[in-house]
2 protein chains.
Amino acid sequence: MSSDLTARARIRDAAILLFAERGIDGATIRDIAQAADVSSGLLRHHFGSKEGLRDACDEWALSELTKIGGQFTEFNTLDGLTPRIQLLQRYLIRSTMDGSPTGAAMFDRMLEYGHQWLATTDLKVADPEAFVAVVAVMKMSLFTMRDLMSRALGSDVTEPATWGRMLQATLDLFSQPLITEEQAAQARAALDRLSAGEEAS
Amino acid sequence: MSSDLTARARIRDAAILLFAERGIDGATIRDIAQAADVSSGLLRHHFGSKEGLRDACDEWALSELTKIGGQFTEFNTLDGLTPRIQLLQRYLIRSTMDGSPTGAAMFDRMLEYGHQWLATTDLKVADPEAFVAVVAVMKMSLFTMRDLMSRALGSDVTEPATWGRMLQATLDLFSQPLITEEQAAQARAALDRLSAGEEAS
DNA sequence: TAGCTTACTACACGTCTGTGTAGCGGAAAG
DNA sequence: CTTTCCGCTACACAGACGTGTAGTAAGCTA
């Protein structure tokens with residue numbers, strides 16, 4: 001289907017797919033080479049090592065995503081994600097979780113955008129740093145937990161329709177408070193009690 | 001520190017720790033055995049295989065968590081988590097993401113509790129199934145993305161104080177709407193456009 | 001034509017992994 | 001005392017992994 005690409009590009013694409021699917025350690029050089037229909041030696045020839053390949057994938061995914069539009073680091077919009085972009089996101093997040101510096105940089109940028117976004121709202125937030133981090137992490141989780149989501153929804157979230165259901169749900173989630181003021185106050189009290197007890201010890 | 005336990009228990013504890021930290025595939029039998037200060041053969045003697053060990057850990061973690069209190073599947077309370085329970089949660093979620101049936105069962109139970117919780121609220125939700133799944137996944141993400149969270153907050157989230165900051169932030173997040181009605185309407189429109197275009201194709 | 005670089009393959013090496021086997025020592029049962 | 005079981009160790013095995021090396025064919029430059 002994509003065999004009109006350079007071998008190098010085919011390797012890169014196959015790597016991103018397999019890395020995203022099985023994790024960095026889970027995908028072997030040989031599997032990637034086979035998926036790209038080349039010898040494992042060629043992979044090594046082009047990228048030097050597995051880490052070299054991973055770096056190249058990181059860089060490429062990041063540049064592709066920023067090229068298409070900064071929206072992947074944007075904070076509140078989750079719409080307009082083609083399966084392709086979805087894959088790139090999923091790869092980058094996976095790579096991030098497996099300790100990629102490029103991914104960490106992306107995460108930092110997400111946090112930065114998060115703070116900018118937070119400044120435009122009038123939300124009451126006790127700890128902006130923690131708040132932004134939590135929102136960022138939760139946003140990413142929609143990509144990380146893809147398998148579990150698909151299982152719960154009964155169909156692959158890569159399916160645009162299923163993806164749409166997920167977006168709809170996040171919209172419902174973010175447009176109204178999930179817990180009442182009383183519940184929040186109660187939880188806050190419990191939290192205070194916790195930190196108080198900890199200081200005492 | 002915990003050397004007054006049975007060797008079997010020490011192996012189990014070490015396995016849960018290393019599995020949670022490095023993933024199922026990432027933690028080797030030899031590493032686990034060394035951490036438990038036993039030979040790798042003993043591990044095999046007690047648990048039969050690596051998958052046997054993982055099953056035992058799954059079962060034990062699940063039973064411990066349900067014994068301590070069902071709150072790990074409960075929907076809205078994230079407080080009162082000791083580092084120990086935190087670890088068990090983190091392990092079980094990791095195991096789930098790596099394809100454990102026990103973990104999948106736990107996830108299903110989370111969804112079930114989620115539906116029960118949703119019924120007690122008066123939230124406006126278009127797609128309860130998707131909604132509950134999204135909330136469950138996002139809740140779990142606080143455990144999965146532990147490293148990233150720690151990085152963003154500048155200190156390990158296992159630290160009770162840091163963990164408290166995170167809980168505080170989730171509380172802020174869940175007790176107020178993140179986006180305005182206009183923004184929500186706008187996003188909904190974009191979503192409708194998306195699904196309309198997809199039906200047309 | 002000759003020389004050199006580049007895309008590409010085949011194959012071997014050392015290491016690490018999960019697993020299998022043989023055996024040791026102590027405690028309990030006869 | 002002997003037998004038997006159980007906790008436990010040491011060691012060997014096959015396979016998979018990332019990596020290294022040698023070599024082939026094609027295209028470019030002079």
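In what follows, chains carry the letters A, B, and so on, assigned in the order in which the sequence lines appear, proteins first and then strands, with residues in each chain numbered from 1.
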If I take atom CD in residue B:Glu51 and atom C1' in nucleotide C:dT19, what distance separates them, rounded to the nearest angstrom?
14 Å
Check this for me: does any side-chain nitrogen of one of A:Arg94 and A:Glu21 sit under 4.0 Å from a carboxylate oxygen of the other?
no
Kindly point out which of D:dA12, C:dC8, C:dA12 is positioned nearest to the side chain of A:Arg30?
C:dA12
Rounded distance (Å) that lies between atom C1' of C:dG18 and atom CD1 of B:Ile29:
6 Å
Just checking, any donor-acceptor pair under 3.5 angstrom between side chains of B:Thr28 and B:Asp31?
yes
May I have the distance from A:Ile32 (atom CD1) to D:dT19 (atom P), rounded to whole angstrom?
11 Å
Expressed as a whole number of angstroms, how long is the span from B:Arg10:CZ to D:dG7:P?
14 Å
When all nucleic acid strands are considered with a 4.0 Å heavy-atom cut-off, which category describes B:Thr28: base, sugar-phosphate, or nothing?
sugar-phosphate
Does B:Arg8 make a side-chain donor-acceptor contact with the base of D:dG7, cut-off 3.5 Å?
no
Whole-Å distance separating the NE2 atom of B:His45 from the C1' atom of C:dC24
13 Å
Roughly how many Å is it from CZ in A:Arg54 to C1' in D:dG18, rounded to a whole number?
15 Å
Closest nucleotide of DNA chain D for B:Ser40 versus for A:Ser40: which of these residues is on the 5' side?
B:Ser40
Atom-pair distance (CZ on A:Phe47; C1' on C:dC8), nearest Å
14 Å
Tell me: CG of A:Asp25 to C1' of C:dT17, nearest whole Å?
13 Å
Could you go through the side chain to side chain contact (heavy atoms under 4.5 Å, CB included) check for A:Ile93 and A:Met106 one step at a time?
CA-CA 9 Å; A:Ile93 291 175; A:Met106 177 201 70; 4.3 Å; yes
Taking the side chain of A:Leu42 as heavy atoms from C-beta outward, which of C:dT9, D:dT9, D:dT19 is closest to it?
C:dT9
To the side chain of B:Lys50, which of D:dG18, D:dC8, C:dT19 is closest?
C:dT19
Using distance alone, with no hydrogens and no angle criterion, decide if A:Gln86 and A:Arg146 have a side-chain donor and acceptor under 3.5 Å apart.
no
For C:dC8, does either OP1 or OP2 sit under 4.0 Å from a side-chain N or O belonging to A:His46?
yes
Is there a side-chain contact between B:Asp13 and B:Trp60 in this structure, where contact means two heavy atoms from C-beta onward sitting under 4.5 Å apart?
yes
